[in-house]
Amino acid sequence: MIDKIKEHIAEVEKFTTKAKEDIENFRIKYLGKKGLLKEFFAEFKNVPNEQKKEFGQIVNQLQKAAQEKVNALKEVLENNVEEKSVYGDLTRPAEPIEIGARHPISLVKNQITDIFSRIGFNVSEGPEIEDDWHNFTALNLPEYHPARDMQDTFFIQTNPDILLRTHTSSVQVRYMENNQPPIRTISPGRVYRNEVISARSHCFFHQIEGLYIDKDVSFADLKQTLQHFTKEMFGKSKIRLRPSYFPFTEPSAEIDVYWGLETETDHKITKGTGWLEIGGCGMVDPNVLTNCGIDPEEYSGFAFGVGIDRIAMLLHQIGDIRLLSENDVRFLAQFKSAL
Ligand code: PHE
């Protein structure tokens, strides 16, 4: 008898099926009202006393094995059913797609590029690692010129002729060397200066410089172009050109836009004046034209440079320039809906 039950245990353990009816039949066979277990328990009273203990244990073992098998098979079956119905439900919403965001620097750069493209400027780019000629000498800044100090340059230690460009005017030199007027080009890019990092300044930032060279270009053209730009960019056309000095332009000016003082960030960024300095400009110095192979007797032109980071900070109310290079996704994700 005991051997017979042991055979059943082995059989129960081996048993497997995926069909619902087979599981039910299996359950009825062992655990049902008239099942084998009922029979074995009924047999208990006929078992000789000295075998009762062993018999009881083995029947319990069979009951446990049968119950566990039924539970396990049912679970597999239920999971399968669930999996199938999930796969088959075509009305189920899809997994959400994570949409990336453009960096605020790119947003502003694209906006500026668009504005100038619409009035006939093309885009030119150049290397971030420059030589002395394109960053300084060609731009009327010969060696030992005191104005070189204004630029806080990072030099390559082993070769003072190689440096990280301090402005994208270097790209304009390259462009003039390779193209004859009329020239209308803007040069966006990253530039480097050895400045102390704070909420307002960083050792690298982004610029867009513009260059216009043709016959009879005047300072009035420069002013109109800048006014058009600020109107398109900020919806504000109140600008101020403050006399300034750059070795590569004469006359030179700083460009201020009247921004207003509506928010705390406005105060912070404009130092409480409401005026924001966005860059520099001027009429290209005849020496620069000559250095780049353009005849200053025939042509004249203007150039300007604006800082992208500062404009981005203003437009998107960013209070600290360092946020722009820290790549914190909580910051970047906020630009998802911006174009
Ligand atoms: N290159 C200047 C700077 O980075 C900006 C500038 C560009 C000024 C063109 C005048 C004309 O400071």
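Every number for a ligand or one of its atoms is a count from 1 in the order of the listing. What you are looking at is a predicted structure, and each value in this text was computed from that prediction instead of being measured.
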>> Tell me every residue that passes side-chain hydrogen bond (donor to acceptor under 3.5 Å, both in side chains) with Asn194, counting only those two or more places apart in sequence or in another chain.
In response: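 Per chain and number, Asn194 pairs via side-chain hydrogen bond (donor to acceptor under 3.5 Å, both in side chains) with no residue.
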
>> Among residues at least two apart in sequence or on other chains, which ones pass side-chain hydrogen bond (donor to acceptor under 3.5 Å, both in side chains) with Glu39?
In response: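 Scan of Glu39 (side-chain hydrogen bond (donor to acceptor under 3.5 Å, both in side chains), adjacent residues dropped) gives none.
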
>> I'd like to know whether Arg27 forms a salt bridge (charged side-chain N to carboxylate O under 4.0 Å, His left out) with Glu24, so could you lay out the CA-CA distance, the side-chain angles of the two residues, the decisive distance to 0.1 Å, and finally the verdict.
In response: CA-CA 5 Å; Arg27 190 191 66 79; Glu24 186 56 10; 3.0 Å; yes

> Measuring from each atom of ligand 1, which residues have a heavy atom under 4.0 Å away?
Replying inline: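 Correct list: His167, Ser169, Arg193, Gln207, Glu209, Phe246, Phe248, Thr249, Gly280, Cys281, Ala303, Phe304, Gly305.
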
>> Applying salt bridge (Lys or Arg N to Asp or Glu O under 4.0 Å) as the test, list every pair that has at least one member in residues 120-137; sequence neighbours left out.
In response: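 For residues 120-137: Glu130-Arg174, Asp132-Arg148.
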
> Quick one: do the Glu254 and Ser244 side chains pair a donor with an acceptor below 3.5 Å?
Replying inline: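 A pair is found: one side chain offers a donor N or O, the other an acceptor, under 3.5 Å apart.
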
>> Is a donor from one side chain sitting under 3.5 angstrom from an acceptor on the other, for Gln334 and His316?
In response: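 No donor-acceptor contact under 3.5 Å links the two side chains.
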
